[in-house]
Amino acid sequence: MNLIKLFTCHMASALPAVSIFIVSTTVAFAQTDLPVVQIQADKVTAKMPPTFYGLMTEEINYSYEGGLYGQLIRNCTFKEDAIQPNIRANAYDPSKYYPATYRANIAPRFWSGVGGATMVLDASTPLNDALNVSLKVDAAAASKTSPAGVANGGFWGIPVEPRTTYKVSFFAKAAAGFAGPLTVSIESADGKTVFASKKISGLTGDWKKFEATLKTKSVTPSKDNVFKITTTDPGTIWLQEVSLFPPTYKNRPNGDRKDISQLLADAQPKFLRFPGGNYVEGSDFVNRFNWKQMVGPVEQRPGHKSCWGYWSTDGFGLPEFLGWCQDIGMEPVLAVFAGYTLNHDHVTNSAALEPYVQEALDEIEYVTGDASTKWGAQRIKDGYPKPFPLHYVEIGNEDGFDRSGSYEWRFAQFFDAIRAKYPQLKIISTTDVKSRVADVNDEHTYVNETAMEAQAFKYDTRDRSNPTKVFVGEWATQTSSPTPNMAAALGDAAWMCCLERNADVVMMHCYAPLFVNVSQLTGRDRSMQWNYNLIGYDALNSYGSPAYYAQKMFSLQKGDEVLAISARNLPVRSAPAGRGGGTRQLKSLFYSATRDSANGKITLKIVNSADTPQLVTVDISGAKSVASKGTATILQAANRDETNSIKDPKHVVPVTEKMKVLGTSFTRTFPPCSITILEFEAK
Ligand code: AHR
């Protein structure tokens with residue numbers, strides 16, 4: 001009885017609903033009593049929302065630039081060193097563009113001179129108002145035997161794959177007396193191997209766009225490479241928007257990296273919450289997510305400083321978010337800037353808020369409008385003829401941090417305007433509001449494995465009369481960095497069981513953050529700003545963490561109906577109690593069941609987070625018969641510390657096996673530290 005007593009004592013106050021049951025049964029069963037998971041096949045508690053599993057994204061950890069976005073050149077617009085004006089909300093005019101300035105006589109970051117060439121940022125020779133600086137390259141030292149120019153090392157390397165065509169483009173102009181040609185090339189960083197090169201001629205004294213392709217031969221994949229623009233003739237040139245793209249996912253122009261896109265597509269997410277997160281707010285008004293400066297040709301986009309500390313060229317802007325949705329089959333969940341920034345600055349009255357409300361309405365029009373609308377027409381011009389399906393709009397992000405209480409009236413103003421123009425849209429709040437009834441509230445949770453398992457029954461006791469539904473728009477079990485290990489995946493799976501069981505109140509959810517570039521985890525120029533992330537990559541390779549595989553399993557394997565499910569004799573495990581030291585007793589078995597209404601297939605999820613195998617009885621009531629065969633998909637690791645990495649990307653992955661189902665009541669042993677999904681048909 002030891003385990004049961006311990007569990008009863010601890011859980012009685014923490015989890016009333018379940019503990020009542022346990023308390024009442026403490027004396028009723030012996031130590032050997034098996035945990036029983038009871039599915040009521042004749043009781044549907046919810047329709048599984050079609051967009052239940054999705055993704056959350058923002059520019060953090062080099063998610064787009066240096067990540068998903070195909071652009072391989074780092075600091076391709078030379079604005080990484082831009083000095084942004086510091087303007088408070090009350091002085092800021094949202095319709096105005098506030099140009100960046102630059103220190104004199106500095107060389108841009110992430111570029112280097114080659115063959116004795118010197119380079120300097122030149123604000124007196126801009127490409128246009130948005131890209132109001134260029135790179136002046138003085139290649140006076142160039143000769144036939146010693147080419148001179150500039151090199152870029154990409155985002156911790158330029159990937160080279162065999163037999164692959166890379167697209168180069170750049171804007172250039174030349175000083176009098178120089179007409180080129182220039183040579184563009186991809187070379188190994190030590191200069192010993194030229195993988196591909198091409199000559200480009202036709203430079204004049206005016207800005208012109210140049211394009212070329214570079215094709216590699218049968219080489220070994222590598223990333224310790226650079227991209228170069230050089231000349232063998234002495235002269236001076238200016239460069240801007242220097243771009244190098246590998247083949248992109250679904251061949252989209254200005255598109256996405258293939259391997260990372262494939263990982264996402266494989267998990268079949270149904271929505272994308274973008275553009276944040278903190279990224280939608282920005283660290284200040286000048287650097288908020290100003291979507292109108294992120295549409296149209298990339299060379300017309302000024303870029304801004306991401307709140308995560310590095311420059312966003314915004315080549316991955318609003319159209320690219322939508323292209324990403326289209327390519328993966330996701331629906332946008334659009335977060336709009338709501339007049340509040342991360343430095344706790346916010347607009348102070350409703351007249352000042354009005355332009356931002358109009359911006360949000362225009363943004364919705366960009367996403368959903370047809371050719372007859374101003375912003376729908378702009379989207380079509382940007383390459384997306386069909387309007388996007390949109391059901392959810394989120395007002396701001398984590399506005400509970402705004403201690404002034406301004407969210408109450410800011411939300412109300414957005415809510416009223418959006419409801420009036422787009423009554424079909426569901427409006428998401430980011431913290432409690434009183435004056436309006438939000439359709440959905442976005443609740444975030446980042447905790448360690450123990451805390452996640454402890455809260456894995458949270459929504460079972462939620463007040464069902466609350467008209468506001470739940471969107472868990474950011475959550476993660478934070479254990480092991482840069483990407484989560486098996487322990488975290490177990491916490492995640494326990495949590496997802498909770499979310500599935502409660503799909504009548506939880507409309508959708510998404511893990512965060514999604515991406516991390518793992519090239520340089522520490523130091524000033526680090527590639528990681530947040531320690532726990534679902535998918536990792538460097539310039540060449542990518543991998544999914546065990547948490548990614550848990551997500552993928554849950555997303556792929558589910559029915560459209562949630563079935564009533566309960567459990568008794570739940571086992572417990574000892575886990576570290578936290579800062580105070582000691583241990584705590586935690587439930588170690590988690591569960592949810594759904595059914596496919598088309599064929600009666602039941603999908604039962606069981607998480608055994610204990611370090612020992614667990615025998616469980618599964619009882620199915622309300623079904624006359626259960627097919628004798630089914631499948632079991634299992635994500636399991638030798639211990640909870642096991643993980644995947646860039647060097648060992650598939651160390652922990654799910655396996656699927658056939659299983660026998662022995663009627664409406666059967667027992668099965670669930671391995672230690674495992675996530676199991678059983679699928680079988682029932683009538
Ligand atoms: O996911 C990382 C950050 O966590 C998000 O930007 C923010 O919304 C939350 O605080």
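All ligand and atom numbering here is 1-based and tracks the order in the structure. A quick note: this is a predicted structure, and the numbers were derived from the prediction, not measured.
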Task: Pair D327 + K250: basic N to acidic O under 4.0 Å - done: no
Open item on the list: Pairs of nitrogen or oxygen atoms closer than 3.5 Å, one from H444 and one from ligand 1: do any exist?
Closed with: no
- [ ] Using distance alone, with no hydrogens and no angle criterion, decide if Q84 and N287 have a side-chain donor and acceptor under 3.5 Å apart.
- [x] yes
TODO: Examine ligand 1 and decide if any of its atoms is less than 4.0 Å from a heavy atom belonging to G276.
DONE: no
TODO: Decide whether Q413 and Y356 meet the rule of one side-chain donor and one side-chain acceptor closer than 3.5 Å.
DONE: no
Task: Pair N397, E281: side-chain N/O donor-acceptor within cut-off below 3.5 Å - done: yes
- [ ] Just let me know how M56 lines up against ligand 1, side chain, backbone, both or neither, with a heavy-atom cut-off below 4.0 Å.
- [x] neither
Open item on the list: Could you check whether D402 pairs with R410 (Lys NZ or Arg NE/NH1/NH2 to Asp/Glu carboxylate O, under 4.0 Å)?
Closed with: yes
Open item on the list: Just to be sure I read this right, does ligand 1 sit under 4.0 Å from the backbone of W308, its side chain, both, or neither, counting only heavy atoms?
Closed with: side chain
TODO: Test the K605-F554 pair against the cation-pi criterion, namely NZ or CZ under 6.0 angstrom from the six-membered ring centroid and within 45° of the ring axis.
DONE: yes
TODO: Could you tell me whether ligand 1 has any atom less than 4.0 Å away from a heavy atom of Y279?
DONE: no
Task: Which residue and heavy atom of the protein sit nearest atom 8 (O) of ligand 1, plus the separation - done: E474 OE2, 2.7 Å
Open item on the list: Checking a contact table here: which protein heavy atom is nearest atom 10 (O) of ligand 1, and how many Å away?
Closed with: E398 OE1, 2.7 Å
Task: Top protein contact for atom 6 (O) of ligand 1, by heavy-atom distance - done: E58 OE2, 2.5 Å
Open item on the list: Please list the nearest protein heavy atom to atom 1 (O) of ligand 1 with its residue and the distance rounded to 0.1 Å.
Closed with: Y446 OH, 2.7 Å
TODO: Report yes or no: do S519 and Y62 form a side-chain donor-acceptor pair below 3.5 Å?
DONE: no
